[in-house]
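As C-alpha cells, the structure follows; a few thoughts come after it.
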Amino acid sequence: MLDKVLTPGAFEARLYEGWERAGAFAADPDSAARPFTIMIPPPNVTGSLHMGHALTFTLQDTLIRWRRMQGRDALWQPGTDHAGIATQMVVERLLASRGLDRRQMGREAFLEQVWAWKAESGGAITRQLRRLGASLDWPRERFTMDEGLSAAVREVFVTLHRQGLIYRDRRLVNWDPKLQTAISDLEVESREVRGSLWHLRYPIEGEPGRYVVVATTRPETMLGDTAVAVHPEDGRLRHLIGRRAVLPLVGRAIPILADTHADPEKGSGAVKITPAHDFNDFEVGRRHGLPMPSVLDAEARIWLEEIAPEMRAVEGVADPAFLRALAGQDRFAARKAIVARLEELGLVEKVEPHTHQVPHGDRGGVPIEPRLTWQWYADAATLAKPAIEAVESGRTAFVPKQWENTFFAWMRDIQPWCISRQLWWGHQIPAWYGPDGHVFVERTEAEAQAAARAHYGKEVPLRRDEDVLDTWFSSALWPFSTLGWPERTRELARYYPGDVLVTGFDIIFFWVARMMMMGLHFMGEVPFRTVYIHGLVRDERGQKMSKSKGNVMDPLELIEAYGADALRFTICALTGPGRDVKLSRKRVEDHRAFVTKIWNAARFLEMNGVAPDPAWDPARARTPLARWILDAANRAVTEATAALEAYRFDEYAAACYRFVWNTFCDWFIEFAKPVLAGPDGPEKEEARGAAQHVLGTILRLLHPAIPFVTEELWDRFGYGPAFSLIRASWPGAVPVAEAEAARAELDWVVSLVSEVRSVRNEVNVPPSVTMPLLVKDAAPESLARAGRWIEAIRRLGRISEVRPLDGEVPKGVAQAVLGEATVMLPLEGVIDIPAERARLAKERGRAEAEARKIAAKLDNADFVARAPEEVVEENRERLAAARAEMARLDAALARIGG
RNA sequence: GGGCGCUUAGCUCAGUGGUAGAGCGCCUGUCUUACACACAGGAUGUCGGCGGUUCGAAUCCGUCAGCGCCCA
C-alpha cells in the first residue's frame, strides 16, 4: 500500500542510485537509434548549485528524459570547467588562511595544491545535480583541464596560430589590478559610481597666466598625458592647436592637437590624452603617433620609470620631488594627493560632482585599469563570419528567435579577443621564446626545441610563456573536445553536432558565440542545431537573486522541504518563452500540491484494485466512461508533446496539470467510484482497465518533469521492473472507438452535475440534504443518459433520484436550464423565492447580453458578407442557443411567479 | 544616445484576427472513507493611453507613457 502521506525524501536518493547503477542515463554509441545530444554548459568547478542552475538543468533534464523516452539515443554530456580566476582565488584564499602565498611556493607546488583542492571539493556541484534528478551520463564526465581536453586546447592554439588567427600584440587591455591579470571585454561590467569631474588648468607654454582647461574623472593618470586635444571645429579653442601645454606636476611640454575625439559640448571642450591609460586616448595616441608612457604598475600604483627622464621642475607648476614621493602609492591615494597638490598650485579650476560608469572586473570587483601590455589575441572577427552566416542561414536557430539579434549585434562588431591571462591555473600557452624573443608555438616542448634548432641552427635555451588561456577558450571547444577531438572517435562522429544548447541570455556572448566560432572552424559544422535561451531566476518581486540582497533561495533546501519534483515542476510551469522566472517558496509549495495530487489519486486507484495490465487494449473499450477518458488522455498527450517540441515548458506543465487534475481526478475518478464500489463485472473491469492504462500514460507523460514520484509509482504498481520508467516509451495517441459519442455523453453528465451543484450552492442547500431532481422538457436521449448515470448524479449532485416532470410544477423550486431541458430542485419551505428569482434574472440577463452582442454582429451586413461562412454560421448557432436559454429562463421565472 | 523586451483579474502569467483564460489570493459552504497540499460553488477585467487598418483588434500598424534588460 502506498503511504497516506507522500514523502519524497523516502525514495529520491534510492531511485537516483538505481537509475545510475542500471546505466539508465548512458548514451549508447552502438545503438541504432537516432542520437539526441545536449552538451551541459559546464558549471564552474568551484560552484555549488544555485537557483539558476536548478532552472537550466531542470529544463535540460526534462528535454533529455523526454527524448530518451521517445527512443532517441540520448547523450547529456556532463562536466565542469576549471574556472581559472575563480579557482585560483579560492585556493589562494585557502592558502592565505594557512599563512601561505603562491609566489613563495612556486608555480608547480601551487598547481599541486589546486589539484588537491579540486579532488576534495571540486565535485560539490555534480553531487548536487544528482539531488535535482539530472540524468547526466556520468561516466562520460569531463573537466576542461583533463589531459584530452588540454590536448584539444593545444591543438587549437597551434593551428590557429599557424593560420594567423592567433597572434601576440601590444595594446591596451582591461587589467584587473587586484587579480593582476588581463581580462576580456566580457569580464568587465560597468558600475555606476559617484565621483567628481575635475577641471584642471594646464599652462600654455610661453604664455604665463594662460591655461587650457581639461576636465577629467581620473586626475591620477595625468602624469601619463602626452597631449591635449581640442575639436578642430571648436571656435573657442581652435587657436590653441599647434601650441604646447606644460603638463602640471611633471613639467613636460605636450602638444595641443586637433582631434574629433574632443567633444566641444562636454566639459571645457579640451581633453587630456593619456594613451596608456584610456581606450579612447589610445586611439588618439595612435592617430597622432604620441608616446604612450605608463604611470601605473601591475597593482595600479604610481610608477615613474617611463616618465622619469622627462620630469622637470617648473616654478609653480611642476616638482619632481613631489612625484618621487608619490611613487608606489595606490591609484586612489595618489588621486587625492595629486588633486591636493594641484589645488595648492591653483591649477584646479573647479570640481563638479559627477556620476559615471566605471568598468569593474566581474571577479575581482575593483575598477579595471586599461594597461598597455603584450597579450595573445584571437582574431574573433574572422572566426565570427562563418558563425554569423550559420545563424543567418538557419543552420543554428535561436529559440526564442529574437535572441538572434543580440547574437548578430555582438558578432558583427566583435573585437579581438584577449585570450591570455596572467594566472597559473589554466592551460599554459604552448609558446616558447628563444634568447632573442623569437616565439615558437608548438604542441610540445620537444617540438618547440626542434623548431628552435631549425631556426637558430643550434641548441638554445627556451623559455615558456608563463601565461595561461582564458577559461572560455577551452569551454569554446567543449562540444567536440568532450567527444574526444582531435581524435576521430565514434562519439565525435555520432554526437556532433549536438541538438540543442540550453542556456541563459547572459551566456550568449561568453560561450554560445565562441562555441559557434570554434565548432565551425574545427569541425566544419555548427556545434548545435538549436539554442534555447531561457530567462533568469528572480525573486518574487522580480529582483535578481544575490547574496548581498539576501534574497537567494537554496534549491537544495527547497528540495529538502518539498521534494525535487515539486521544485522541477514549478520551474517548468513558470518557464514561458523569453520571460524571467519569478520564483518564491510559495510557488514551490503550490506546485507541490500537484505532485501530492498524483500520489493520492494513485493511492485511491491502488485501493480499488487497479493494477497494470499490459494486455488491456484501449481500442476494445466499450463503455463511454473508458472511451471518454482515453480520448481526453489522447488530447493531453498531443498537447504535451507539441509543447515540448516548441520548448514551451509552461504549456507542457499546464496540459498535464489540466488533464490530471481537472479531468482525471475531478471527473473520471469520481465517475468511476460507483462502478469500482459496485459489483464485479465487465463494467468494473473496464473502469479498472481504463484507469490503469491512463495512470500509466500520466506517469510517462509527467516523468520528464517529475521523475521521482512517477518512477516510484511506476515501480510500486509494477508497470515495469524497478527503475524502468526512465526508459519506458513516450505515450502516443491510442485508437478510441466512437470517441465523439462518448464525449457528448460525458460532457452532458458533467454539465448536469455542475448545474445542480451551482444551484444548490447558490440557494444555500447544505450538502447533507438530498432531494429528487425533476426534469422538464427533456429529450428522450437526455432522460436515457440520466438513467445510465444515475449513480454518479446521485453521488456528485447529492440527488436522491432523477424524475421526469409530468404535471404540475411543485411550489418553491430552484431551476436551471440545461440544453433543451429545465432541471428543478423541489425546495418548498427551504428556498428563498426572491433570491431565486434574482438568481434566475441574473442568468437571464447574462443570456440576453450575449444574444444582443451576437445579434448586433449578425445585423451588420458587412460581417455577414465578409466574414468566413463558418464564423457566421457559428454565430447564428450561438444566437439561437442564447435565445432559447432566455426563453427557458423566462418560463422558469414565470413558474415561480416572476 | 542605440537596441530589445514588457504593460491582460488583487498577485504571477497564458492567450498573436472571430465567445477574454489559468494558478494563487479573496468570499461562501463542506471532514461527500484518495487527497484540507483537499472538495463544491462564487465574485473580480474601459486587455497601459490615443489614433489607424479590418466586417471584426488583447492580438496587426503608428504614436505616447511607464517599467525592465543589454550595448555605448
Below 4.0 angstrom from OP1 or OP2 of [N], is there any side-chain N or O of [X]?
X: A/K853; N: B/rA20; result: yes
X: A/S758; N: B/rG42; result: yes
X: A/R579; N: B/rU7; result: yes
X: A/K673; N: B/rA34; result: yes
X: A/K4; N: B/rA38; result: no
X: A/K857; N: B/rG18; result: no
X: A/R538; N: B/rC6; result: no
X: A/W661; N: B/rC37; result: no

Could you measure between the two [atom1] atoms, the one in [N] and the one in [M], and give it in whole Å?
N: B/rC4; M: B/rU54; atom1: C1'; value: 29 Å
N: B/rC31; M: B/rC13; atom1: C1'; value: 34 Å
N: B/rU59; M: B/rG18; atom1: C1'; value: 11 Å
N: B/rG25; M: B/rC39; atom1: P; value: 12 Å
N: B/rA20; M: B/rA58; atom1: P; value: 9 Å
N: B/rG62; M: B/rG45; atom1: C1'; value: 26 Å
N: B/rU28; M: B/rU19; atom1: P; value: 34 Å
N: B/rA57; M: B/rC37; atom1: P; value: 46 Å

Between A/N860 and A/Q357, which is nearer to the 5' end of RNA chain B once each is assigned its nearest nucleotide?
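Nearest nucleotide further toward 5': that of A/N860.
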On RNA chain B, compare the nucleotides closest to A/N405 and A/N600; which residue's is nearer the 5' end?
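Going by which nucleotide is closer to the 5' end, it is A/N405.
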With distance as the sole criterion, is a donor-acceptor pair present between the side chains of A/E187 and A/S184 under 3.5 Å?
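The answer is yes; a qualifying pair exists.
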Over how many whole Å does the gap from [X] atom [atom1] to [N] atom [atom2] extend?
X: A/W403; N: B/rC69; atom1: CH2; atom2: C1'; answer: 8 Å
X: A/R795; N: B/rU30; atom1: CZ; atom2: P; answer: 20 Å
X: A/F664; N: B/rA38; atom1: CZ; atom2: C1'; answer: 17 Å
X: A/E762; N: B/rG41; atom1: CD; atom2: P; answer: 11 Å
X: A/L713; N: B/rA34; atom1: CG; atom2: C1'; answer: 12 Å
X: A/L2; N: B/rU33; atom1: CG; atom2: P; answer: 20 Å
X: A/N662; N: B/rG23; atom1: CG; atom2: P; answer: 6 Å
X: A/D413; N: B/rG2; atom1: CG; atom2: P; answer: 17 Å

Give the nucleotide from the list [options] with an atom nearest to the side chain of [X].
X: A/R757; options: B/rA34, B/rG41, B/rG25; value: B/rG41
X: A/P767; options: B/rU30, B/rA43, B/rC35; value: B/rU30
X: A/K586; options: B/rA34, B/rG15, B/rC24; value: B/rC24
X: A/N761; options: B/rA34, B/rG41, B/rU19; value: B/rG41
X: A/R846; options: B/rA43, B/rA14, B/rC37; value: B/rA43
X: A/Q402; options: B/rG5, B/rG18, B/rA34; value: B/rG5
X: A/Y657; options: B/rC24, B/rC35, B/rG18; value: B/rC24
X: A/D666; options: B/rA34, B/rA40, B/rG41; value: B/rA40
X: A/M607; options: B/rC37, B/rU30, B/rA34; value: B/rA34
X: A/E850; options: B/rA43, B/rU19, B/rC11; value: B/rU19

Report the base-pairing partner of [N] (Watson-Crick or G-U wobble, both distances below 3.5 angstrom), or none.
N: B/rA38; answer: B/rU30
N: B/rU19; answer: none
N: B/rA14; answer: none
N: B/rG68; answer: B/rC4
N: B/rG62; answer: B/rC50

Please report the C-alpha distance between A/L558 and A/M51 in whole Å, then the side-chain angles of each, then the deciding distance to 0.1 Å, and finally whether the side-chain contact (heavy atoms from CB on, under 4.5 Å) criterion is met.
CA-CA 10 Å; A/L558 289 171; A/M51 227 14 121; 3.1 Å; yes
Which atom of A/L55 lies closest to which atom of A/G535, heavy atoms considered:
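Closest approach of A/L55 to A/G535: CD2-O, 3.4 Å.
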Hey, which of A/T62, A/L59, A/V588 is the one that makes side-chain contact (heavy atoms from CB on, under 4.5 Å) with A/R568?
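The single option meeting the side-chain contact (heavy atoms from CB on, under 4.5 Å) with A/R568 is A/T62.
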Within the 4.0 Å heavy-atom criterion, would you say [X] contacts the bases, only the backbone, or no part of the nucleic acid?
X: A/P766; result: nothing
X: A/A601; result: base
X: A/R603; result: sugar-phosphate

Any chance you could lay out the salt bridge (Lys or Arg N to Asp or Glu O under 4.0 Å) test for A/E589 and A/R585, step after step, and finish with the verdict?
CA-CA 6 Å; A/E589 207 175 304; A/R585 220 181 161 72; 5.5 Å; no
Should we say atom CZ of A/R794 is surrounded by more than 12 heavy atoms from elsewhere, each under 6.0 Å from it?
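Atom CZ in A/R794 is crowded, with more than 12 foreign heavy atoms closer than 6.0 Å.
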Determine whether A/E369 and A/R218 satisfy the following criterion, salt bridge (Lys or Arg N to Asp or Glu O under 4.0 Å), listing intermediate values before the conclusion.
CA-CA 11 Å; A/E369 196 59 58; A/R218 304 202 54 204; 2.9 Å; yes
When A/F594 is tested against each of A/Y562, A/W599, A/F569 for ring pair (Phe, Tyr, Trp, His ring centres under 6.0 Å), which residue passes?
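Between A/F594 and the candidates, ring pair (Phe, Tyr, Trp, His ring centres under 6.0 Å) is satisfied uniquely by A/F569.
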Would you check if A/V188 and A/D362 make a side-chain contact, meaning some heavy-atom pair closer than 4.5 Å?
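Side-chain contact under 4.5 Å: no.
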